[in-house]
Structure formats: C-alpha cells, structure tokens
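I have placed the structure first, in the form of structure tokens, so that the comments after it can refer back to it.
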Amino acid sequence: MANKQINQELPENYDELKKAANRTSSWRERFDAVEELGQSKHPKVIDVLTNRMKNDSVYKVQEAAYRQLTKMGEDVEAPVRNKFELIKGTKKTFIRIKKSLPKDHSYEDFKEKLKKMRLDIYDAYEGEKGADFDKWLESEWEAASKK
C-alpha cells in the first residue's frame, strides 16, 4: 500500500462524498466517506477531512480523518477523545423521552423512541460505544428514571 499514489484531483463524486461525510444520522456513512475521500489529496478534500477530524461526534470518524490526513502528509494533531457528552444536552433528551413514554414502558420502548426522535444522538453513541452501546444506553435509561 505504500507504493500507492494519492490522486491530486478532486474525486468525480466529491459532492456526494462531502454530503455523506457530513450526514449526522449515520456515523458509518461519514466513516466510509472519510476513507474514500482520503484517496484524493485536494484542498477541498483536506478541508472536509479536517472538519471531520476536529468536529465529528464519533471518535472513530475523527480518527479515520486524522489517519487520512497524515497519509497525505498533512501536519495535524491527533484528535482527543471526548470524555463527556458527545452531543450537548443528551442527558436532558433522555429524561424528556423517558417522561413522554407510559410509566411502565420497557427499555426497548425507550430505545425505539430515541431512535425515532433523535437518530443523531442514537447514531453518535452507537458509533462511539460499539459493542457496549446497549449496556450503556440501558444504564442511561435507568438513571433517567431517578431524575
């Protein structure tokens, strides 16, 4: 892979990739777009990758953008994992959703309503937490009932 030349031109599907890289409802689409954009060293691509590296709510996407930028020879600092809320107001959103459901609702009811109402939050935390997502979300759901 070290012998592979990085294309200096803007990819033909740049507009589509830029949209995918900024799609808040799917961290996987952002990740895939970052990976594909990394094949072209063009100022517009570097701008998109830099933005994802600095501003994405999912660390895996930030890390992928960083990796692509360094592969291009860009002098960038590695992103720092956010230890607090990925999306401001998440805990308040959990409480609001929980209160909007019947008192005897299940964790699955809560999870489905979160997915419908705030896919951006659901997706960001699913991407960040990986295999621990359900365990984490269930504990957040339990904590929200104590408020």
Side-chain angles (χ1 to χ4, degrees), residues 6-7 10-147:
I6 295 177
N7 187 356
L10 201 58
E12 283 183 31
N13 59 343
Y14 168 77
D15 288 335
E16 182 184 312
L17 288 171
K18 182 180 177 186
K19 276 184 196 159
N22 291 309
R23 191 162 288 128
T24 58
S25 64
S26 176
W27 74 268
R28 286 176 184 86
E29 282 186 41
R30 294 195 309 275
F31 181 87
D32 291 345
V34 161
E35 291 290 324
E36 194 172 334
L37 283 165
Q39 306 311 307
S40 301
K41 184 177 179 174
H42 185 279
K44 285 185 173 185
V45 168
I46 291 169
D47 282 349
V48 172
L49 293 176
T50 302
N51 184 289
R52 286 300 89 213
M53 182 188 74
K54 290 181 178 177
N55 302 313
D56 205 279
S57 58
V58 176
Y59 186 71
K60 288 175 191 166
V61 177
Q62 291 179 340
E63 209 172 34
Y66 170 74
R67 198 173 56 255
Q68 295 300 338
L69 288 164
T70 55
K71 191 173 79 178
M72 292 176 187
E74 293 297 305
D75 182 21
V76 289
E77 283 187 38
V80 177
R81 187 182 288 269
N82 188 347
K83 297 204 179 7
F84 303 103
E85 286 185 325
L86 300 179
I87 298 174
K88 193 170 170 48
T90 295
K91 292 196 185 293
K92 285 181 183 173
T93 299
F94 290 166
I95 292 166
R96 273 198 306 276
I97 290 172
K98 188 154 181 143
K99 285 181 177 177
S100 75
L101 290 163
K103 279 221 181 290
D104 60 348
H105 73 274
S106 69
Y107 162 67
E108 287 301 322
D109 295 334
F110 172 79
K111 184 177 172 182
E112 281 308 304
K113 187 148 188 186
L114 172 63
K115 203 174 195 178
K116 283 183 185 142
M117 286 180 64
R118 292 297 305 268
L119 185 57
D120 59 330
I121 290 175
Y122 184 95
D123 184 73
Y125 281 96
E126 183 199 31
E128 189 66 24
K129 302 292 181 185
D132 295 330
F133 174 70
D134 268 310
K135 188 169 65 176
W136 170 82
L137 186 59
E138 191 163 2
S139 74
E140 291 295 316
W141 168 69
E142 288 169 359
S145 65
K146 294 176 178 122
K147 305 235 186 273

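Every heavy atom of this structure was used, including side-chain atoms; hydrogens, water molecules and symmetry mates were not.
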Would you check if the side chain of Glu29 reaches a backbone N or O of Arg23 as a donor-acceptor pair within less than 3.5 Å? no
Heavy-atom distance under 4.5 Å between the side chains of Glu126 and Ser26, does that happen here? no
Asp123 side chain vs Trp27 backbone, donor-acceptor pair below 3.5 Å: yes
Heavy-atom side-chain proximity of Phe110 to Leu137 below 4.5 angstrom: yes
Nearest-0.5 Å distance that lies between atom CG in Leu17 and atom CG in Leu37: 4.5 Å
Short side-chain to backbone donor-acceptor contact, Gln39 and Glu35, under 3.5 Å: yes
Kindly list each side-chain donor-acceptor pair under 3.5 angstrom involving residues 45-53, sequence neighbours excluded, with atom names and distances?
unit_1: Thr50; atom_1: OG1; unit_2: Ile46; atom_2: O; d: 2.7
unit_1: Arg52; atom_1: NE; unit_2: Ala21; atom_2: O; d: 3.2
unit_1: Arg52; atom_1: NE; unit_2: Asn22; atom_2: OD1; d: 3.4
unit_1: Arg52; atom_1: NH1; unit_2: Asp56; atom_2: OD2; d: 2.7
unit_1: Arg52; atom_1: NH2; unit_2: Asn22; atom_2: OD1; d: 3.4

Out of curiosity, Ile121 CD1 to Leu86 CG, how far, rounded to the nearest 0.5 Å? 10.0 Å
With distance as the sole criterion, is a donor-acceptor pair present between the side chains of Asn13 and Glu36 under 3.5 Å? yes
Is it true that atom CD of Glu74 has more than 12 heavy atoms of other residues, nucleotides or ligands lying nearer than 6.0 Å? yes
For residues 103-116, which residue pairs qualify under salt bridge (charged side-chain N to carboxylate O under 4.0 Å, His left out), counting only residues two or more places apart or in two chains? Lys111-Asp134
With sequence neighbours excluded, what pairs up with Asp32 under the side chain to side chain donor-acceptor pair (under 3.5 Å) test? none
Return yes if some donor-acceptor pair links the side-chain N/O of Lys41 with the main-chain N/O of Met72 below 3.5 Å, else return no. yes
